[in-house]
Every structure is written in structure tokens, then in C-alpha cells.
Amino acid sequence: MSYRFSWFDWFCLWYPPGWLILFNRHWQHYHSDPDGWTWLEYPLFLIPGGFYLALLIRWLRLGCRLPRQETAKFEPNYQQAFREEVLAPIAQNYYRAELHQIENLPQNAPLIVAMNHAGMCFPWDFMTLAYLLGKARGWDVQALAGVSLFDHPWVTWWLPPGWSQVLGAVRAEREEFAAALAQKTILLYAPEGLRGPGKAWQNRYQLETFHPSFIRLSNTYEIPILPIVCIGNEYLHPFTVHLRKLAKRLSLPFLPISPLMIFFILFPSMGVWAMKTRLRYFIQPALEKAVDSDSNRSTDYVQAQRLRDKMQNTINSLLIANC
């Protein structure tokens, strides 16, 4: 049976500290989650500082231990349910997502979708693009994600066990990357790595150096690369400064300081939220074959930076046009 929004779910969608409640309630509708959040703790998410009390209550309820972690696999059926029942109202009404130049979108899988990932926050630009591609072509879309999205203690407490993997996230490790491509999937990829979303506000829309691994794997598995430029994702968490050294000590992918941080401190459940903005995606022509079959690391790097320069020029043109 599909998940139907109650008045409480609509309230959580309207009130940012409630987004984490909505994610967990939706999961619990489709999966057993004995260690998960309960109605004893959910209301505390909604008041300043209440999440810390909810965390303490849950920790005591679990016998002073971490939630159990499970080995999980991608579940296309759950991804579709989450996409239609939770992502759709967020992508359409909150982020006002638009897919442009759809004539450049291939009809068939597989693809490596290379996009300028940004925002220094929960990966809403990736999740919204996955929703749009699924809506346009009916594809099951996966995304290469930093290991912190799977293993960090905050994620362990925030989200259900295996949530990222079940929704299609692939660990950003070469073996996992190659295994996903071998399955002929649609894979979202950020060529800048964590340097992209880790940019400070003053460097917004300035692409970092592209890692060449996706060029090599594109040739190995004969999978086209589809460049997509996103405009609006830098405003998911604006006016940020990145505390790199402290982030490294805390094993965080990035640690932003911004005017929004006071709200995140008062409402830690807002870690899965981001600022309201308009996300527009511009599909570029696919690269059917990146380089010659006898390529090496040097030629892969050159080709990756050529693509970076091309995408940077497109971003500059779109920003100048105020589109």
C-alpha cells in the first residue's frame, strides 16, 4: 500500500525541522525499523534544542548503544515510492525544479551523468536531478556519494540503516564505482568530488579540477558521459565559509559556517534540509566516446579538464543571460 500523507506529514513538509521525520516515517511504512525513531521522540524534533533530548531518549531506549547497521542493497521499487511520494512535492514546489534542453537526453541507459555538485549541504541538487530523470524517462537512477553519507555517526542517528544504499547511493570508491557501471546503470557523478560542494560562497559557480576516473571508466565500460549543468544549487546553503581543518578533525566532508548555522544548532534535524531555491538543469550533448582506446592517465586528465572548461563556459553564459 502506498504512503499517504497525513496532516502531520504535510506539516513536516512545511516546517523544515520536520523533513527528517518525514523521511523516517516514510521508511518505516515500507521497512521494519525496530531501532528507529518513534512517536516518543518525533515531537521533540520540532522545538528548539528538542532533538538533543530526543537523541538521549533514543540512546537510552536502545540500551546505550548505536542503532544497528545492516548491509543493504539498492531497491528500485522503494526508490520509485520515495521519488513519487516524498521527492515529488519537494522538487516541484520547494525547489521548483526544471529540466531544460531535454532533446539532448538519450532514450536509453546506461549513462554517466556528470554535474556541477554544490551547496555544502544535503545533496538536494543530486536528489532533485534523479527525480527529474526518473520522471522524464522512468529510469532508476543511482548516485556516487561520499563515504560520510553512509558511515558518519550523525547519519547513523539521523536516517534509517541502509537508507542511502536502498535509495541507490554508491560509495565513492573505485571498486564500487566500477561495479555500478558494470550493471549498466544511470549513475550521477560529481567530477569535482567533495571539492565541488565544499567551495566557499566566494567561489560559487567556479568549477574545481575534474577527477579523471570517470573518463577511464566510461571507456572501459563503453558508457556515454552526459554533462548536465545546474544553476541554483549554490544557493542551497548561501554565504558559507568552509572550516577545512576542523572538518577534517571531525571526519566531516565539510564544515560550513553561515548565518543558517544558528538554526542547525537549535534544530539538528534540519541537516537534511536546505534553503529554498530554484534548481534548473541544462542537459548538454552526450559524449559518446571520451578518448581513444589507448588512452592513459595523462590523456584522461586532459579530456576531463576539457569537459570542465566546456561546462564552466556554459555556466558563465547562463549566469550572464540571467536565465
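Because the structure is a prediction, the values reported are computed rather than measured.
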Does the side chain of [Y] come within less than 4.5 Å of [X]'s, by heavy atoms?
X      : Y      : answer
Ser6   : Arg25  : yes
Pro17  : Tyr15  : yes
Tyr52  : Ile265 : yes
Phe267 : Pro16  : no

(request) Inspect the contact between Asp35 and Arg65 and indicate whether a charged nitrogen and a carboxylate oxygen are less than 4.0 angstrom apart. (result)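 Looking at Asp35 together with Arg65, the answer is yes, because their closest N to O distance falls below 4.0 Å.
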
(request) Inspect the contact between Lys199 and Glu234 and indicate whether a charged nitrogen and a carboxylate oxygen are less than 4.0 angstrom apart. (result) yes

Cut-off 3.5 Å, side chains only: do [X] and [Y] have a donor facing an acceptor?
X      : Y      : value
Glu75  : His31  : yes
Tyr189 : Ser213 : yes
Asn316 : Gln312 : yes

(message) Angle between ring planes, Trp163 versus Phe23, binned at 30° and 60°: parallel, tilted or perpendicular?
(response)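 Parallel, since the angle between the ring planes stays under 30°.
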
(request) Would you confirm whether the ring centroid of Tyr281 sits within less than 6.0 angstrom of the ring centroid of His100? (result) no

(message) Looking at Trp37, I'd like to know if the NZ or CZ of Arg58 sits under 6.0 Å from its six-membered ring centre while staying within 45 degrees of the ring's axis.
(response) yes

(request) Search all heavy atoms of Met311 against all heavy atoms of Leu207 and return the closest pair with its distance. (result)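 Distance-wise, the nearest heavy atoms are CB-CD1, 3.9 Å.
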
(message) If I compare all heavy atoms of Cys12 with all of Gly18, which pair ends up nearest, and what's the gap?
(response) CB-O, 3.3 Å

(message) Among residues at least two apart in sequence or on other chains, which ones pass side chain to side chain contact (heavy atoms under 4.5 Å, CB included) with Ala172?
(response) Leu144

(request) State the OG-CG distance between Ser269 and Leu22, to the nearest 0.5 angstrom. (result) 12.0 Å

(message) Within a 6.0 Å radius of atom CZ on Arg61, are there more than 12 heavy atoms belonging to other residues, nucleotides or ligands?
(response)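 Count over threshold, so yes.
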
